[in-house]
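Here the structure comes first, spelled out in structure tokens, and everything after it is commentary.
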Amino acid sequence: MPHAIAVSPNGEKLGVSGPFLVQWKGCGPAEKLDAAARRFQSDVDRQTGLRLQAGAPVPLRIGCLQTENAADRGEAYRLEVRADGVAIEADGSTGALRALATLRQLVGLSPDGIRIPLQRIDDKPRFAWRGVLLDPARNFISIETLKRQIDAMERVKLNTLHLHLSDDQGFRVESRRYPRLNAGGPFYTQADIRELIGYAEARGVRIIPEFDVPGHSRAMVEAYPEIGVLVQSPIPGLKAAALNPASPAMWRFLEGLFAEMAALFPDPHFHAGGDEVSAGVWKDAPGMTEWIAREGLADQHAVESWFARRAGRILKAQGKTMIGWEEMAAAGVDKNVVVQAWQTSNAMANATAGNHPTLMSAGYYLNLLMPAEYHYALDPAQTSGAGLTPDHAATLRKLSPLLAAMVADAQVDRPRAPLTPEQERNLLGGEMALWGEIATDELIDHQLWPRAAALAERFWSNRSVRDIDDMYARLTVVSAQLSASGVRNVSARTRMIERLAPADPEALATLLEVAGPVRNMAHDHRIRAMLAGKTIVQSLNAPADAAPVDSLVARRFTAEAKRLAAGERALAPQLAARLAIWQANDTRFKALAKGHPMLEEALPTSAQLAALAKLGLDAVAALDAGEPLAASRAAEGRALLETLRKQEAASWRPFDPFISQQPPADLILKIGPGLEVLLEAAVRAGG
Ligand code: ACM
């Protein structure tokens, strides 16, 4: 994962009983390839647990053509596993890294001695830009955690890390020109940033900085009040900030700040934000009335556009290509400005039609805690699909004036003609985003992985690779491999569970392995508090934070339930054993939770799991005996499953969390689909 373009296996296997002996030719900086070879070998050791130092070395020959083909950024490669060793041919050194990423996964499949199927793999990326956005502005992320994500990105061939480095909550890079920016919280020193960039570059990952202007800028405005405005937002309790384009001092500031940051970050791209400027924020800004009249600007939209064009000119003069959120597409900025669509598929279609190089992020917001399959099913090039349906938007708007104000037209997505070939050429690729509101440093690994690996495939592999069951089967392996190589996708959850339930972590782990958190920011309790005019602090240390976004255990249960329902009777005992554990867990969980409010909140979830498990046991027994499940029991079962479906639906779509009651402890049980299969098969049993 990502699935390669072409794989030709030949049936035999290469046995590996010693270290890889890496020889390379023509691949650019020696240190880069030497370091990559050492990393590769150390990952092989960690993934297999084998001691290979003493065995016969296995030749691993790498040759680079150094064509650095512009279309694939030198990432294409050929990997041949032969009886006498492994041979890699790549366009460039990055292609060699991608080939090693493939080989890592192949090696990790054989725990009892390495045997790699002989094969030839020809591979190259569908999209040149395959990114991840992380947001240290909202919750600071340590350099160590960022490096771990970069390690994982290399393993699934992601190549761009976009860091959202400034927002209302803070400015996260040391500024020597404007040191007051760093007075309000943690930040990366310039040395940290240089080190991180070098670390990423060695792994074929570029770092794109984002400094969001003119909105999302409260931290800047609080540090330097003369550059902007700070006003009460339409949402109670929230202050909205924006840089003031009527202020010459602001433009001097911005030019100086961008120059400092442009020099620090070597990538030719520089993200200047441009999203979500609060309506009316400039109404009373000093000098605004005269300036607007002088420039002949009709409305706020025109002011934003003016801002975007000037920001683009500043960056261009500093040798950078500006990236901006989709709001910039309509601003009349240069055609080489990269537009990042974030609300709808339609926005991507508009930006590509406007001849902008375009990045697709709509539908790829991992912070919404949707399952991998949801994101995976959306193709970056599809012109509709991500966003609110017109019906949903209309329903929401009728519910309250606040929702009417929050649900903007830009969030509504409508059917469109497919991209023209020219538009397709403008689509650079996709970027998933893990916004930081509920992603603390501790939670990053498990909120990102393994789901990000599924999206890495969506951005790398052919559009036709889209079988969900096959994806999950491979994702399960990749998740384990990532964990074995040091990513904390599993261990962070385990640690949280041990912290929450030191007396009996297993009882909590058993519950959480088949549960997941509510979605679409429903777990961000600060939003609801804010809408009620209150400010609260939420510790992200609850059972819902430690639950997997995608329960791979529940997936496996569903897969086995389908096989049993299809007649594979031998699976009955193992399914029954699993169900019996879930049923029995409730007694243990009750004892564990007593006197611990955070765990007590999940008592109903635990009882619900027991009831569902009992239903499953009855269904398996009926199937095993070949006698139909009693109609009354089936009716009870369907009612239980209906409750579960309602709990799932309550946060399935954006905004629904604001109008729907959420399940206890913000937890949704994930075994519904498997149980439904068992129940309906049991109703027909013996028939
Ligand atoms: C965004 O999510 N405001 C780009």
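Please read these numbers as outputs of a predicted model, since none were measured by experiment. Numbering of ligands and ligand atoms starts at 1, following listing order.
Residues A311 and W251 approach most closely at N-CZ3, 4.3 Å, considering heavy atoms. Residues A351 and V339 come closest through the heavy atom pair CB-CG1, 3.6 Å.
Between the side chains of D267 and H269, a donor-acceptor pair is found at a separation under 3.5 Å. Under 3.5 Å, the side chains of E327 and W342 contain a donor-acceptor pair of N or O atoms.
Annotation: cation-pi pair R180/Y224 present, NZ/CZ under 6.0 Å from the ring centroid and within 45° of its normal.
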Between ligand 1 and the protein, tabulate every N or O atom pair separated by less than 3.5 Å, reporting distance only.
unit_1   : atom_1 : unit_2 : atom_2 : d
ligand 1 : 2 (O)  : Y365   : OH     : 2.6
ligand 1 : 3 (N)  : D275   : OD2    : 2.6
ligand 1 : 3 (N)  : E276   : OE1    : 2.9

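Ring planes of H164 and W435: perpendicular class, angle over 60° (limits at 30 and 60°).
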